[in-house]
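Please read the structure below before turning to the comments.
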Amino acid sequence: GAVVSQHPSRVICKSGTSVKIECRSLDFQATTMFWYRQFPKQSLMLMATSNEGSKATYEQGVEKDKFLINHASLTLSTLTVTSAHPEDSSFYICSARPGNTYEQYFGPGTRLTVT
Amino acid sequence: GQNIDQPTEMTATEGAIVQINCTYQTSGFNGLFWYQQHAGEAPTFLSYNVLDGLEEKGRFSSFLSRSKGYSYLLLKELQMKDSASYLCAWAISGGYNKLIFGAGTRLAVHP
């Protein structure tokens, strides 16, 4: 149990375009999902906390107008990178937390390359 | 600030034991997680400590001292496949119990 999927696993886009990444909890309901970004040889940096039916909470330094998060249901959260630039190239990972537990289950990640 | 520190790199020999230490800020603490991450993959859960003491799970054990803001992950009978990054993460109380990750410790296991 506790499986989280992400789609797509890899995406290459041109500078200035937008990219949407989906995160789904497959066998549980997740009121809270988290979005992380990870640059090579660095740790996970929390970008935002996504809650079903409410606005996402962004970490300091993360532009909410550039990284749009929508948590439309208890099993789906999406991250849209708007007007992507090469510096946005990174590994984006989501996680989902069932109910009131502390443990987070991670998706397999999405490798974004902006050319 | 929200600080969590762990060594950057470690090396060990196959079959040996290695201990990876982690120190964290003690305010607003709601538990300490350890994750394993292979290159290019998402982290996988190893352990969760919220009370002081040692939690053992097969070859992996995790220890926590809340008063000292200190944890360690102990890996026994090392195998080549244990070569990975090990991430220590501190759960912050309040809000949505988000995790603050350390920079990770890259462990290289050699024959």
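These figures come from a predicted structure and were not determined experimentally. Just so we're on the same page: letters track the sequence lines, and every chain starts at 1. Excluded from the calculations below are hydrogen atoms, water molecules and symmetry mates; all remaining heavy atoms, backbone and side chain alike, are included.
B/E77 CD: 12 or fewer foreign heavy atoms inside a 6.0 Å radius. When the shell of 6.0 Å around NZ of A/K41 is examined, it contains 12 or fewer heavy atoms from other residues, nucleotides or ligands. The number of heavy-atom neighbours closer than 6.0 Å to CD1 of A/I12, taken from other residues, nucleotides and ligands shown, is 12 or below.
The CD1 atom of B/I100 sits 6.0 Å away from atom CD of A/E59, with the distance rounded to the nearest 0.5 Å. The NZ atom of B/K98 sits 9.5 Å away from atom OH of A/Y36, with the distance rounded to the nearest 0.5 Å. Atoms CZ and CD, on B/F101 and A/Q42 in that order, are 14.5 Å from each other to the nearest 0.5 Å.
Looking at B/F45 and A/E103, their side chains come closer than 4.5 Å, going by heavy atoms from C-beta outward. When side chains are defined from C-beta on, B/L99 does not count as touching A/S95, because their heavy atoms never get closer than 4.5 Å.
Taking every heavy atom of both residues into account, B/A42 and A/G107 meet most closely at CB-O, 2.6 Å. Of all heavy-atom pairs spanning B/P43 and A/F106, the tightest one is O-CB, 3.7 Å.
In terms of hydrophobic clustering, with Ile, Leu, Val, Met, Phe, Trp and Tyr side chains grouped at heavy-atom distances under 4.5 Å, B/L64 and B/Y86 are assigned to a common cluster. When hydrophobic clusters are built by joining Ile, Leu, Val, Met, Phe, Trp and Tyr residues whose side-chain heavy atoms come closer than 4.5 Å, directly or via intermediates, A/V11 is not grouped with A/I93. Grouping the Ile, Leu, Val, Met, Phe, Trp and Tyr side chains by contacts below 4.5 angstrom, directly or via other members, places B/I92 apart from A/W35. By the criterion of side-chain heavy atoms lying less than 4.5 angstrom apart, applied directly or through intervening Ile, Leu, Val, Met, Phe, Trp or Tyr residues, A/L68 is not grouped with A/L79; the two fall into different hydrophobic clusters.
Heavy-atom pairs under 4.5 Å with chain B peak, among A/R111, A/M45, A/Q38, at A/Q38.
Contact annotation for A/L46: only side-chain heavy atoms (C-beta onward) come within less than 4.5 Å of a heavy atom of chain B.
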